[in-house]
Every structure is written in structure tokens, then in C-alpha cells.
Chemist: 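Dropping a structure here in C-alpha cells format, bear with me for questions.
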Amino acid sequence: VAFAQALTGLTPATTYYFCAIASSSIGTTLGEVLSFTTPPTQPAVTTLAATAVDVTSATLEGSANPNGATSTGWFRYAATHPGTCNDSFGPRAPASGGTSVGAGTTPVSFSQPLTGLTTATTYYYCAIASNGIGTSLGVVMQLTTAAAPTVTTTAASGVGSSTATLNGS
């Protein structure tokens, strides 16, 4: 009599080993050990908080699980909120290609430094990862570049024949 057991919750790109077991009042018999490998899937990607945010620069951060297929990660960013992450809003960082995150089955961090940003401006960005099976989009996050300092020069004080104190704020 044929029998089967459906499995769920398996990990992509993983080899599993199994054997059939039959038992009766006479004894237990083990079948031959066989294996199967689950196919890889598109990467899982996470947009992380930006780091090193400065007056005109920042570093975008992301993480991608390649899920068993050679994968690449990159970012999109703009000063206008795109609504949801997509691979067509704003500039791509880097402009072409991306960062290899390998073909493993655990998350790999990747980052991209940005320069030439406008001071005191909010930017929206998301991480994107792709492999031969598909492309995944992270959530849209935001960063705000720092404002340039303001300075005021005020009158010198304590002016003497050979000394003075310069003042400002």
C-alpha cells in the first residue's frame, strides 16, 4: 500500500534526507535513504537604517538572504517619497550592478555610500535584491541630512594696542 507525507516549512536550496519506515507486530523495516534538494527562491531583502548621515553624505544599509541563488543588492533613493519601494524611482546606487551577497541561505549585509546630497533634506530609500529567480523590494525608509552650521561674527572686544579678542557665535 502506497503512503505519503506532505512537508511544509522547508528551507530553500537545502538538501533533505528521508526514508520510509514500516512497522507491524512482527517488526520494523527501514526503507532506503533517499534525498531531495529544495530549489532556491528569490532573495529576501531588508532595508536598514542609514549610517554616517552627514551634511551632504550618508551610507545606505541593507541585508539580503540569497535563498540559495547568486544574488546582488542595491538601493534606490530620492527626495520625493515613492509610496512603495520599486526599482524605478530616483537614482540607483550604485548606478549599475550592485553588491554581491553570494548564494547562501543566511542574510548578508550590504551598504552603499552616497555623496553630493543636499543639506537639510529628507531622502527616501529602499534596498533591492535580485537573483535569477526574481527581485525583492525592501520597505521605504528615510534619512535627513544635517544642516550646515550657521555662524555670526560679532565685534571684537578688549581691543588694546597689542591685543584683541575676536568674537562670534
Side-chain angles (χ1 to χ4, degrees), residues 8-15 38-169:
T8 60
L10 302 177
T11 302
T14 301
T15 300
T38 54
T41 62
Q42 68 190 38
V45 66
T46 303
T47 307
L48 303 172
T51 59
V53 179
D54 204 349
V55 177
T56 60
S57 62
T59 300
L60 303 181
E61 304 285 345
S63 175
N65 180 338
N67 282 325
T70 301
S71 301
T72 302
W74 65 93
F75 299 90
R76 287 284 185 169
Y77 70 98
T80 303
H81 197 296
T84 60
C85 183
N86 63 74
D87 198 18
S88 61
F89 87 92
R92 179 181 167 136
S96 64
T99 302
S100 171
V101 291
T105 56
T106 59
V108 175
S109 296
F110 62 100
S111 63
Q112 180 66 45
L114 300 178
T115 59
L117 301 176
T118 303
T119 62
T121 301
T122 298
Y123 287 91
Y124 303 91
Y125 65 97
C126 65
I128 302 171
S130 181
N131 61 26
I133 296 160
T135 299
S136 295
L137 307 168
V139 298
V140 176
M141 295 186 67
Q142 70 181 49
L143 67 89
T144 301
T145 53
T150 57
V151 63
T152 303
T153 304
T154 56
S157 60
V159 178
S161 60
S162 61
T163 63
T165 301
L166 304 179
N167 298 298
S169 62

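Sequence positions, counted from 1, serve as the residue numbers for this chain. Any value given below was found using the heavy atoms of this structure, including those in side chains, with hydrogens, waters and symmetry copies removed.
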Chemist: Considering only residues two or more places apart or on different chains, which pairs with a residue in residues 100-110 satisfy salt bridge (Lys or Arg N to Asp or Glu O under 4.0 Å)?
Modeler: none
Chemist: Carefully, step by step, assess Phe110 and Phe75 under the rule side-chain contact (heavy atoms from CB on, under 4.5 Å).
Modeler: CA-CA 10 Å; Phe110 62 100; Phe75 299 90; 3.6 Å; yes
Chemist: Can you measure from OG (Ser63) to CG (Leu48) and round to the nearest 0.5 angstrom?
Modeler: 6.0 Å
Chemist: Scan residues 59-71 for pairs that pass salt bridge (Lys or Arg N to Asp or Glu O under 4.0 Å), counting only residues two or more places apart or in two chains.
Modeler: none
Chemist: Indicate yes or no: at least one non-hydrogen side-chain atom of Thr135 is less than 4.5 angstrom from one of Gln42.
Modeler: no
Chemist: Considering the options Pro107, Ser71, Pro43, which one meets the side chain to side chain contact (heavy atoms under 4.5 Å, CB included) requirement together with Asn65?
Modeler: Pro107
Chemist: Counting only N and O atoms by type, is there a donor-acceptor contact under 3.5 Å from the side chain of Ser100 to the main-chain atoms of Thr72?
Modeler: no
Chemist: What closest approach, in Å, do Thr106 and Pro66 show between heavy atoms, and which atom pair accounts for it?
Modeler: O-CD, 3.5 Å
Chemist: Do Thr115 and Ser57 have a side chain donor and acceptor closer than 3.5 Å?
Modeler: no
Chemist: State the OG1-CG distance between Thr119 and Asp54, to the nearest 0.5 angstrom.
Modeler: 10.5 Å
Chemist: Could you tell me whether Phe89 and Tyr77 have their ring centroids closer than 6.0 angstrom?
Modeler: no
Chemist: I'd like to know if the side chain of Asn131 reaches the main chain of Thr41, judged simply by a donor and an acceptor atom lying under 3.5 Å from each other, with no hydrogens or angles considered.
Modeler: yes
Chemist: Taking the side chain as every heavy atom from C-beta outward, state whether Thr153 and Leu166 have any atom pair closer than 4.5 Å.
Modeler: no
Chemist: Taking Thr84's backbone N and O only, do any of them form a donor-acceptor pair with Asn86's side chain (distance below 3.5 Å, no angle check)?
Modeler: yes
Chemist: Counting N and O atoms only, with roles assigned by atom type, does the side chain of Thr14 sit under 3.5 Å from a partner on the main chain of Pro12, one being a donor and the other an acceptor?
Modeler: yes
Chemist: Let me see the working for Trp74 and Ser130 under side-chain contact (heavy atoms from CB on, under 4.5 Å), right down to the final yes or no.
Modeler: CA-CA 9 Å; Trp74 65 93; Ser130 181; 3.5 Å; yes
Chemist: Applying disulfide (SG to SG under 2.5 Å) as the test, list every pair that has at least one member in residues 128-169; sequence neighbours left out.
Modeler: none
Chemist: For a 4.5 angstrom cut-off between non-hydrogen side-chain atoms, does Pro91 reach Arg76?
Modeler: no
Chemist: Mind jotting down which residue pairs meet the disulfide (SG to SG under 2.5 Å) criterion with at least one end in residues 135-169? Sequence neighbours excluded, please.
Modeler: none
Chemist: Walk me through whether Thr56 and Thr145 qualify under side-chain contact (heavy atoms from CB on, under 4.5 Å).
Modeler: CA-CA 6 Å; Thr56 60; Thr145 53; over 6 Å; no
Chemist: Determine, stepwise, if the pair Val140 / Tyr125 fulfils side-chain contact (heavy atoms from CB on, under 4.5 Å).
Modeler: CA-CA 5 Å; Val140 176; Tyr125 65 97; over 6 Å; no
Chemist: Per the salt bridge (Lys or Arg N to Asp or Glu O under 4.0 Å) rule, what does the pair list look like for residues 40-49, sequence neighbours excluded?
Modeler: none
Chemist: Between Ala78 and Gly90, what is the shortest heavy-atom contact and its length?
Modeler: CB-CA, 3.9 Å
Chemist: Report yes if the side chains of Val45 and Thr47 come closer than 4.5 Å at any heavy-atom pair, otherwise no.
Modeler: no
Chemist: Can you list every pair that meets disulfide (SG to SG under 2.5 Å) and has a residue in residues 61-141, with sequence neighbours left out?
Modeler: Cys85-Cys126
